[in-house]
Amino acid sequence: MDAFTKQWFDSFRKIILDHSGILIQIDAMTDLGKKISERMRLLELDRFGDYHELVTSAYDNGSELRRLTELITNNETYFFREPAHFRVLKSHILPRMIREEPGKKIRVWSAGCSTGEEAYSLAITLLETAMLIGPFSAEVIGTDIDRAAIETAVAGVYGRNAFRAIEPYYLNTYFQSVENNGAEFRRIHDRVRSLVRFECLNLFQKPYPGWLSHIDVVFFRNVSIYFSKEKIEQINKTISETLREGGCLFLGSSETLHHNLGNLRLAEVDNVYLYQKIPGQPDDEGSSVEMESIRTQMDEVKNNARQINESAEAAIKKKSPRAPKTEAPHDPTDEDIFSAFKAGNYALALAWIAAQQSASLECLIMQAHIYIGLEKFDESSRICQKLMNREPLNPEVYFLYGLNYMYQKEYDLAVDYLKQSIFLKMELSLPHFHLASIYWLQNKSAEAKREYRNTVKILEQHKDTSISFALLGYSSDYLINACRQYLNQ
């Protein structure tokens, strides 16, 4: 095989850029050469010129060019990446859209969906929203240029790494366990799958198919980071055209302040930045009730962001290497830690709790919940034991033990601890709710419905003031609707 020269690198780099918008960095020459060489060996080609001819051949109809693009795409993703986006979608965006236009079908597009985790996360969010506000019609469209990734998405079976940021409740409710050669995987539930369609699509193809129009919400996150500046401007315009008026675009948190999307206005909703499509020019006065549009020019926003980044970098340099990347401006209070937890910044919340000389009961309970969510069950057990030593008759400690065992599928132990939690305080809703979930998994329908009814009764007659209820962001209406869905089955 001949050498992969700088000339070949520049040529293939331009071909890939023109086709997919992906800009290969200069320092990736060796890596690209290795990937092309591996492909050439499979095709029994010895000369880069022969492979170049194949990739650019009209006779090949772009087939090999698509394969080359698939070699370099990065499909690293997981469920509920950047969870604040899904929280805002469920609590603010979707309810507003449905209230403004009752009976409409909500259409959501995951652009660059990779292996499907984002698209299914969106479908789960739609189902969760229906529990809050009632049923509505909806669909999710997931597209990606990588056909192998789309095949994985359609199969809907995922390994442990895909669930590293998912809430245990979602894992338990929307997935079922399967085994593959002794390894444990989880398959997405059919009621989630039924909301999603997957298609292979090059974002730079023209024109888009007709089904990519009048979209209500687009998630285009952590995709444009691979594109050149010119391609970013091109794709931003094209994607914005698929949105209906009032539709919303979510970008990755590291991307939001670095785009100019014409008639899409930068908006802030519950501490999350996104773009909203408005009629007319960007300075049009119209905006939604929930969305307070940011009037500052993009140059000012960029300058502010740059100043913040520079200040943060300077502060980090003064800290020890083991300090968290983001520091509070003072000794972190429980409120600071709670805010980090609600924003999904679990690493920061854990670091701040560990830095406290004597963590509060609330913070320790939060710490246990984080470890359970991360499936670090030994760590969560250690925190539970610390809580038990401090308050041996605290019902929430027994609830935490129950959750810990529940997500390890040690259901008998989980049931024992949940029952003890209920014995210590009957008015806690979450032990009843999760006890019902276990009974449901065990096909004990009568017992499950009894506990779902108990949950509804408690929430209708009492306000659950437990720490866990507040931490996990539940509302009484949410849990009541969830219970009634099971009771109606």
Side-chain angles (χ1 to χ4, degrees), residues 20-22 70 73-91 93-94 106-129 138-167 170-171 173-175 185-189 191-203 211-212 215-227 235-236 239 242-243 247-256 259 272-275 343-344 373:
S20 65
I22 298 174
E70 290 166 7
T73 51
N74 179 7
N75 293 321
E76 168 61 19
T77 185
Y78 49 88
F79 284 95
F80 290 95
R81 187 175 184 178
E82 298 190 59
H85 289 174
F86 299 97
R87 169 178 55 79
V88 164
L89 185 64
K90 179 178 75 172
S91 301
I93 306 301
L94 293 175
I106 297 293
R107 306 185 70 236
V108 183
W109 178 22
S110 172
C113 68
S114 186
T115 45
E117 288 91 334
E118 180 180 84
Y120 286 131
S121 298
L122 288 166
I124 290 171
T125 303
L126 291 169
L127 291 171
E128 291 288 304
T129 305
E139 70 170 336
V140 177
I141 302 167
T143 68
D144 200 272
I145 195 172
D146 190 334
R147 290 168 300 173
I150 290 294
E151 290 174 2
T152 298
V154 171
V157 178
Y158 299 93
R160 182 187 185 95
N161 195 48
F163 302 105
R164 59 185 182 270
I166 197 171
E167 292 185 18
Y170 290 164
L171 196 63
T173 304
Y174 296 107
F175 298 86
F185 289 79
R186 291 182 185 264
R187 177 183 289 116
I188 194 77
H189 196 282
R191 64 184 170 131
V192 181
R193 188 194 303 270
S194 65
L195 293 177
V196 187
R197 64 180 284 188
F198 290 103
E199 301 286 349
C200 190
L201 177 79
N202 183 346
L203 291 172
W211 39 264
L212 277 182
I215 302 295
D216 294 284
V217 178
V218 176
F219 268 50
F220 181 52
R221 306 184 308 163
N222 306 303
V223 180
S224 65
I225 56 176
Y226 302 108
F227 298 158
I235 199 63
N236 284 346
I239 287 179
T242 69
L243 280 169
C248 296
L249 169 65
F250 287 80
L251 301 177
S253 58
S254 62
E255 303 169 297
T256 303
H259 295 297
V272 168
Y273 288 100
L274 53 93
Y275 286 92

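Given the structure is predicted, the values throughout are model-derived calculations rather than measurements.
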Q: Given side chains that start at C-beta, do those of E139 and R197 come closer than 4.5 Å, heavy atoms only?
A: yes

Q: To the closest 0.5 Å, what do you measure between CG (L122) and OG1 (T129)?
A: 10.0 Å

Q: With no hydrogens and no angle check, do the side chains of E118 and S110 hold a donor and an acceptor under 3.5 Å apart?
A: yes

Q: If you define the side chain from C-beta out and look only at heavy atoms, does anything of L203 sit under 4.5 Å from I145?
A: no

Q: Donor-acceptor pair, R107 side chain versus W211 backbone, under 3.5 Å?
A: yes

Q: Which residues pass the ring pair (Phe, Tyr, Trp, His ring centres under 6.0 Å) test with Y120, not counting sequence neighbours?
A: F198

Q: Which atom pair, heavy atoms only, marks the closest approach of R164 to T77?
A: NH1-O, 4.4 Å

Q: Heavy atoms only: give me the nearest R193-A155 pair and the separation to one decimal.
A: NH1-O, 3.3 Å

Q: Of the non-hydrogen atoms in L195 and R191, which two are nearest, and what is the gap between them?
A: CG-O, 3.9 Å

Q: Rounded to the nearest 0.5 Å, how far apart are CG of D216 and CD1 of I106?
A: 4.5 Å

Q: For this output row, return yes or no: ring centroids of F86 and F79 closer than 6.0 angstrom.
A: no

Q: Tell me the closest heavy-atom pair linking A153 and S114, and the distance in Å.
A: CB-O, 4.4 Å

Q: Of the non-hydrogen atoms in T143 and I150, which two are nearest, and what is the gap between them?
A: C-CD1, 4.3 Å

Q: Rounded to the nearest 0.5 Å, what's the gap from CG on D146 to OG1 on T115? Could you check?
A: 9.0 Å

Q: To the nearest 0.5 Å, how far apart are CG in L89 and OG in S121?
A: 11.0 Å

Q: Distance-only, no hydrogens or angles: does the R221 side chain make a donor-acceptor pair with backbone N or O of G112 under 3.5 Å?
A: no

Q: Would you find a donor on one side and an acceptor on the other, under 3.5 Å apart, between the side chain of Y174 and the backbone of A123?
A: no

Q: Looking only at non-hydrogen atoms, find the nearest pair between I215 and V217 and report the distance.
A: CG2-O, 3.3 Å

Q: Find the distance between OG1 (T125) and NE2 (H85) and round it off to the nearest 0.5 Å.
A: 12.0 Å

Q: A side-chain contact here means heavy atoms from C-beta on lying under 4.5 Å apart; do N236 and Y275 qualify?
A: no

Q: Sort out for me which residue in F175, F80, F185, Y78 forms a ring-ring contact (aromatic ring centres under 6.0 Å, His included) with F163.
A: F175

Q: Quick check: do L274 and I93 have side-chain heavy atoms less than 4.5 Å from each other?
A: yes

Q: Measure the CH2-CG distance between W109 and L212 for me, rounded to the nearest 0.5 Å.
A: 4.5 Å

